[in-house]
Amino acid sequence: MFKIATWNVNSLRVRLEQVLEWLAHSKADVLALQETKLTDENFPKDIFLEQGYQVAFIGQKTYNGVCIISKHPLAEVVTEVPGYQDEARRVIAATIADLRLINLYVPNGSALGTDKYAYKLRWLAAIEAFIKNQLAVYPKLAVVGDFNIAPEAIDVHAPEEWEDTVLFCEEMRRAFDRLKALGLVDSFRLMPRSDEQQQYSWWDYRQGSFRRNRGLRIDHILLSHGLSKSCLSADVDINPRKSAQPSDHAPVFVCLDDAFDK
DNA sequence: ATGGTGGTCTTACCA
């Protein structure tokens with residue numbers, strides 16, 4: 001079994017012990033993190049190396065920052081989208097055995113009609129072109145991360161309250177569908193689930209959202225068809241969200257069968 | 001109720 005996970009940790013400095021504990025407990029082979037909020041010189045590289053992991057990271061002060069932690073060698077690391085200038089460190093891609101992994105921290109977008117929302121749209125258009133190119137080179141592609149998009153009403157605790165917000169609106173649903181149309185499937189929806197099995201990956205820190213399970217599923221693992229046939233399970237581990245001093249996001253993961261890289 | 005919480009070289013900003 002090969003386990004791939006993604007987690008927006010909202011500061012790796014604060015969440016380092018939780019990440020190490022989750023890695024050990026989950027036995028994930030690959031963990032992609034977003035919002036590390038660390039410059040590269042402050043990244044705790046040695047701690048991961050001592051624990052037997054390889055790491056690739058790109059960060060900045062205060063905001064953004066992404067990394068890939070892996071039990072297996074990382075190769076062909078890319079930390080920006082070719083042809084798209086962006087000071088924000090939101091993308092890192094690497095090859096692990098036969099798997100190509102793209103880790104994304106999609107802009108939040110603030111509010112519809114703002115400059116930040118326009119940036120989210122431009123950023124997603126650039127990523128769409130990048131993914132299209134990567135798919136042509138790497139048939140076994142996983143695109144993971146904090147997408148800041150809830151794809152369907154079932155992914156939102158109160159869709160009528162969230163409709164026409166940056167996380168859940170027609171334009172973002174279309175952007176998500178365009179990514180899937182490149183040849184990717186939402187691993188979570190690959191598995192049969194009933195309406196009662198709503199599952200979220202993010203709950204606002206405010207207003208006791210987690211306690212009331214007022215969440216959204218905005219963290220995703222998209223798999224190319226070359227990988228989706230090897231997908232055994234897809235789920236969210238909400239346990240870290242219950243811990244003291246939690247991230248506002250929970251880890252999302254998939255398990256692939258061992259034959260995926262054959 | 002334009003609030004609420006948490007993170008950041010904090011007293012403003014981002015999510």
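Just so we're on the same page: letters track the sequence lines, and every chain starts at 1.
- Look at B:dA15: its Watson-Crick or wobble partner, with both distances under 3.5 angstrom, is B:dT5.
- Relative ring orientation between A:W202 and A:W162 is described as perpendicular, the plane-to-plane angle rising above 60° on a 0-90° scale split at 30° and 60°.
- For the pair A:E163 and A:R173, the salt-bridge criterion is met [side-chain N within less than 4.0 Å of a carboxylate O].
- A salt bridge links A:R214 and A:E161; the closest N-O separation between the charged side-chain nitrogens and carboxylate oxygens is under 4.0 Å.
- Following chains of ILVMFWY side-chain contacts shorter than 4.5 Å, one can reach A:L121 starting from A:V106, so the two form part of one hydrophobic cluster.
- Considering only heavy atoms from C-beta on, A:V30 comes within 4.5 Å of A:L101 through its side chain.
- Nucleic acid contact class of A:Y105 (heavy atoms, under 4.0 Å, all strands): sugar-phosphate only.
- For A:Q85, the CD atom is loosely surrounded, since the number of other residues' heavy atoms within 6.0 Å does not exceed 12.
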Letter per nucleotide, 5' to 3', of nucleotides 6-12 of chain B [B base touched, S only sugar-phosphate touched, - untouched; heavy atoms, 4.0 Å]: SSSS---
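- Between the P atom of B:dG4 and the CZ atom of A:R212 lies a distance of 15 Å, rounded to the nearest Å.
- When the P atom is used for both B:dG3 and B:dC9, the distance is 26 Å, rounded to whole Å.
- Between A:Q207 atom CD and B:dT2 atom P the separation is 12 Å, expressed in whole Å.
- Computed from coordinates, the A:E87 CD to B:dC13 P distance equals 17 Å when rounded to whole Å.
- Between the CD atom of A:E35 and the C1' atom of B:dC13 there is a distance of 13 Å, given to the nearest Å.
- Rounded to whole Å, the distance from NE2 on A:H249 to P on B:dA15 is 11 Å.
- Between B:dG6 and B:dA1, the distance separating the two P atoms is 25 Å to the nearest Å.
- Counting to the nearest Å, the P atom of B:dA15 and the OH atom of A:Y117 are 15 Å from each other.
- The distance from atom CD of A:E161 to atom P of B:dG3 is 18 Å, rounded to the nearest whole Å.
- Across B:dT8 and B:dT2, the matching P atoms stand 29 Å from one another, rounded to whole Å.
- When all heavy atoms are compared, the tightest approach of A:R193 to A:F188 is NE-O, 2.8 Å.
- Taking atom C1' in both B:dT10 and B:dT5, one finds a spacing of 15 Å when rounded to whole Å.
- Between the CG atom of A:N64 and the P atom of B:dA15 there is a distance of 7 Å, given to the nearest Å.
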